[in-house]
Amino acid sequence: MTEETKTNFIHDIIEADLASGKRTEIVTRFPPEPNGYLHIGHAKAICLDFGTAEKYNGRCNLRFDDTNPDAEDEEYVQAIQDDIKWLGFDWGENRYWASNYFEQMHGYAVALIKKGKAYVCQLPQADFKEYRGAPTEPGKEPPGRKHSVEENLALFEQMKNGTFEDGACVLRARIDMASPNLHLRDPALYRIKRAHHHNTGDTWCIYPMYDFAHCIEDSLEGVTHSMCTLEFEVHRPLYDWILNELNIFHPQQIEFSRLNLTYTVMSKRKLLELVNENLVNGWDDPRMPTLCGMRRRGFTAAAIRNFCGILGVTKVESISEIELFESLVRDDLNETSFRAMAVIDPIKVVLENYPADLTEEFELPNHPKKEELGIRTVPFSRELWIERSDYIDVPPNNKFKGFFVGREVRLRGAYLATCTAVEKDSDGNVIQIQCDLDLDSKGGNGLDGRKVKGTIHWVSALHAVDAEIRNYDRLFTEENPLADKDADFKEFINSAALEITTAKLESGLAKSKPSDRFQFERIGYFCADLDHTEATPIFNRTLTLRAPRK
RNA sequence: UGCCCGAUAGUGUAAUGGAAGCACAUGUGACUUUGACUCACAGGGUCCAGGUUCGAACCCUGGUCGGGCAACCA
């Protein structure tokens, strides 16, 4: 499949910067906080950050933004790296940690203090709220603003040395308590937090805030274009202020809108709720929009990348339809998946004129249009399983492809068969049907070359393998589960998003390896689950085929 | 009653002062040893009101609607 490489407003900026000579090389970064799993929203940022670097022959750093030891944990680091690699991006040698810059950040904080641009504020958090004022009214100057440079230097040193309790004071930028932008009303730069850091251990008891840390990280790494989501737009003046005061390399922050998708939620907190309340089976539950969940579901990295490319990058807040993504997944899977036959709701067919002790082996193509993908061998015998829905007493219209008494149907890749009788139980349920095979029609249309309307799939009952099938569907019943502010989004969980059933599989399928993908013909795309084994086959339904039969 | 951002078919985007395109979705039809794939056709759009201009989706002014911002989170 072709990956979209269309331009966007950020690339326009980059090209202007290259043309004007403002930049000669392009450096970006993907800066996850290691406090959770990546989801498809992050994939948009990853594709933008790494994709932009690739497009302009630049570099994209993977940087773990580990400035808050309360939230972060090493356990997420590996998962994040795995997901990025799975998506198909490579940071090479360029893996960094915000915590590696703690020493330099501290030095920059001292430099700001010496310039009179930062001070230690001993106001309790609640009190500062009052000083900050409201959007419509200016704040007032905190007492700490009156400290001399020497006092601030001494106080900050004490903060660093652990003289104060957690929360006793913070280092603040001295900007403008009357600014219409609340983020410029003397924002906190450093807080005291006695927490064990996964990387720096107990070296520090003060940690930089995002606003102070992020721009410095970008600057130290020579990032030229620092892309982030829209909610940081109002932080940009602070980003620029810090860099200007420090007079160090000045990356450009550019904001774009997040990816939202219908029928799911994207917030880390809400996904965590689903996991904690056992509404899904962990972060890699195939119903989750996490990259590990989507991978387990059978979605492909190529489809995700293509999706992000086609969606484009803008500042418009939007919710994209999942249908577009599903369409791209089908495009990819249609091209790459081996075909197989599986019967999910079986009824038995007895071929009256076929020998009971005979097994034939048919060679069927793995892909109808790609000979190079080879063939597979499928056993055929007197008793078959077909879908219950492929028999009907009276056809509703002339589009029905299956059996009714007297109807001739093609058994995919095998013979033409005519239904001769049906057996039902006392409740009228079909138990099995009888058919006569046209033994001269093997693999074709019969000796007279007649056309047959329907082709259905089947599995030899003698050789069938039983498997567990996990049919996945959309996580929520509402396009936007968050739209109703008065309702808990969890009320809209789709109870049918996971339906476990069994199936009769073509025998070769048992030997699949976890994450092998197939198209079960006429049903959908499936992949072997992580827990799949030859002894206990488990397949996840990635998606149905388009326009499933009604 | 503050500041910032945004608004193009149902959805996501393109057009960067010169013919409003594309994709998905929807509908109809063709083809088919998968009701898939593929192919053809169709419907449907510039938030509103002014202004500048030979010409405005694009520039200006004023509205309307939507989103964000008052963590010692990121």
Side-chain angles (χ1 to χ4, degrees), chain A residues 4 6-9 12 31-33 35 65-68 70-72 121 123-125 128-129 132-139 166-172 179-185 187-193 206-207 209-211 213-214 228-237 255 257 259 262 268 307 310-328 330-331 334-335 339 341 364-365 367-369 399-402 409-414 416 443-445 451-452 454-457 479 519-525 544-550:
Chain A
E4 288 291 317
K6 61 184 191 183
T7 188
N8 59 55
F9 81 99
D12 290 346
E33 183 183 18
N35 71 343
D65 207 0
D66 53 348
T67 58
N68 182 5
D70 279 349
E72 294 143 12
C121 173
L123 237 31
Q125 192 171 359
F128 183 77
K129 256 182 119 165
R132 180 163 37 217
T136 50
E137 52 198 68
D166 285 15
C169 49
V170 293
L171 182 73
R172 289 192 182 283
S179 171
N181 182 343
L182 282 323
H183 293 278
L184 260 21
R185 318 247 269 225
L189 266 24
Y190 262 95
R191 78 282 217 181
I192 304 171
K193 190 187 281 282
I206 55 170
Y207 291 95
M209 301 291 295
Y210 167 85
D211 285 310
H214 206 90
C228 62
T229 45
L230 249 30
E231 69 271 24
F232 293 103
E233 212 157 17
V234 285
H235 294 241
R236 178 157 28 92
E255 310 83 15
S257 56
L259 170 62
T262 54
K268 256 185 211 177
F307 181 54
I310 285 173
L311 286 182
V313 180
T314 68
K315 299 184 73 160
V316 183
E317 299 189 53
S318 58
I319 303 181
S320 297
E321 292 178 338
I322 191 69
E323 286 85 349
L324 172 59
F325 176 65
E326 291 174 344
S327 164
L328 296 170
R330 289 189 180 102
D331 280 351
N334 179 48
E335 290 292 309
R339 268 53 175 179
M341 293 193 284
L364 271 61
H367 193 287
K369 290 181 178 173
K399 290 188 171 180
F400 182 72
K401 299 285 182 110
V409 165
R410 175 179 292 105
L411 298 170
R412 174 73 154 152
L416 300 181
N445 284 314
K451 297 283 186 192
V452 172
T455 298
I456 67 169
H457 61 282
E479 280 200 354
Q519 184 200 98
F520 293 171
E521 292 201 13
R522 302 211 300 141
I523 300 177
Y525 295 99
T544 61
L545 293 187
R546 209 181 313 253
R549 290 176 296 155
K550 294 190 182 84

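Below, chain A is the first sequence line, B the second, and so on; all start at residue 1.
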Under 3.5 Å, N/O pairs linking protein and nucleotides 72-74 of chain B:
unit_1	atom_1	unit_2	atom_2	d
C72(B)	N3	G167(A)	O	3.2
C72(B)	N4	L123(A)	O	3.4
C72(B)	N4	Q125(A)	N	3.3
C72(B)	N4	G167(A)	O	2.9
C73(B)	OP2	R191(A)	NE	2.9
C73(B)	OP2	R191(A)	NH2	2.9
C73(B)	O3'	R191(A)	NH2	3.2
C73(B)	O2'	N68(A)	ND2	3.0
A74(B)	OP1	T67(A)	OG1	2.8
A74(B)	OP1	R191(A)	NH1	3.3
A74(B)	OP1	R191(A)	NH2	2.9
A74(B)	OP2	Y210(A)	N	2.8
A74(B)	O3'	D65(A)	OD2	2.9
A74(B)	N6	H235(A)	NE2	3.2

Output all residues satisfying ring-ring contact (aromatic ring centres under 6.0 Å, His included) with F520(A), sequence neighbours left out; order by chain, then residue number.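 Testing F520(A) for ring-ring contact (aromatic ring centres under 6.0 Å, His included), a comparison that skips the adjacent residues, returns F526(A), F539(A).
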
ring-ring contact (aromatic ring centres under 6.0 Å, His included) involving F232(A) - partner list, sequence neighbours excluded: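 With sequence neighbours excluded, F232(A) shows a ring-ring contact (aromatic ring centres under 6.0 Å, His included) to Y210(A), H235(A), given in chain and number order.
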
Could you classify A23(B) for me, syn or anti, using a glycosidic angle within 90° of 0 as syn?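 Base orientation: anti.
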
Any residue meeting side-chain hydrogen bond (donor to acceptor under 3.5 Å, both in side chains) with [X], in chain and number order, not counting sequence neighbours:
X       : result
R330(A) : none
T455(A) : R410(A)
T229(A) : E231(A)
Y190(A) : none

Rounded to whole angstrom, note down the C1' distance from C58(B) over to A74(B).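 Rounded to whole Å, the distance is 36 Å.
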
Distance between the C1' atoms of C39(B) and U32(B), in whole angstroms?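 Rounded to whole Å, the distance is 12 Å.
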
List for me each residue that meets salt bridge (Lys or Arg N to Asp or Glu O under 4.0 Å) alongside K193(A), sequence neighbours excluded, and say none if there are none.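 Scan of K193(A) (salt bridge (Lys or Arg N to Asp or Glu O under 4.0 Å), adjacent residues dropped) gives D70(A).
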
Per-nucleotide pairing state of RNA chain B [Watson-Crick or G-U, under 3.5 Å; [ ] pseudoknot-crossing; | other strand]: .((((((..((((....[..)))).(((((.......)))))....(((((..]....))))))))))).....

Please list, pair by pair, any protein nitrogen or oxygen found under 3.5 Å from a nitrogen or oxygen in nucleotides 36-38 of chain B.
unit_1	atom_1	unit_2	atom_2	d
C37(B)	OP1	R546(A)	NE	2.2
C37(B)	OP1	R546(A)	NH2	3.2
C37(B)	O2'	N334(A)	ND2	3.0
C37(B)	O2	K369(A)	NZ	2.2

Tell me, for nucleotides 13-18 of chain B in 5' to 3' order, what letter each nucleotide earns: B for a base near a protein heavy atom under 4.0 Å, S for only sugar-phosphate near one, - for neither? SS-B--

Across the strands shown, which category fits L182(A) at heavy-atom distances under 4.0 angstrom: base, sugar-phosphate, nothing?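 Contact class for L182(A): base.
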
For S179(A), is there any backbone N or O sitting under 3.5 Å from a side-chain donor or acceptor partner on R185(A)?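 Here the side-chain-to-backbone pair exists.
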
Is there a donor and acceptor pair closer than 3.5 Å between the side chain of E317(A) and the base of G68(B)?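 No.
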
Calculate the interatomic distance between [X] atom [atom1] and [N] atom [atom2]; express it in whole Å.
X       : N      : atom1 : atom2 : answer
K401(A) : U34(B) : NZ    : P     : 8 Å
E137(A) : C3(B)  : CD    : P     : 14 Å
L184(A) : C4(B)  : CG    : P     : 12 Å

Is N68(A) close to Y207(A) at the side-chain level, that is, under 4.5 Å between some pair of heavy atoms?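 They are not in side-chain contact.
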
Set of residues satisfying side-chain contact (heavy atoms from CB on, under 4.5 Å) with respect to Q125(A), sequence neighbours excluded: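 Not a single residue meets the side-chain contact (heavy atoms from CB on, under 4.5 Å) criterion with Q125(A).
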
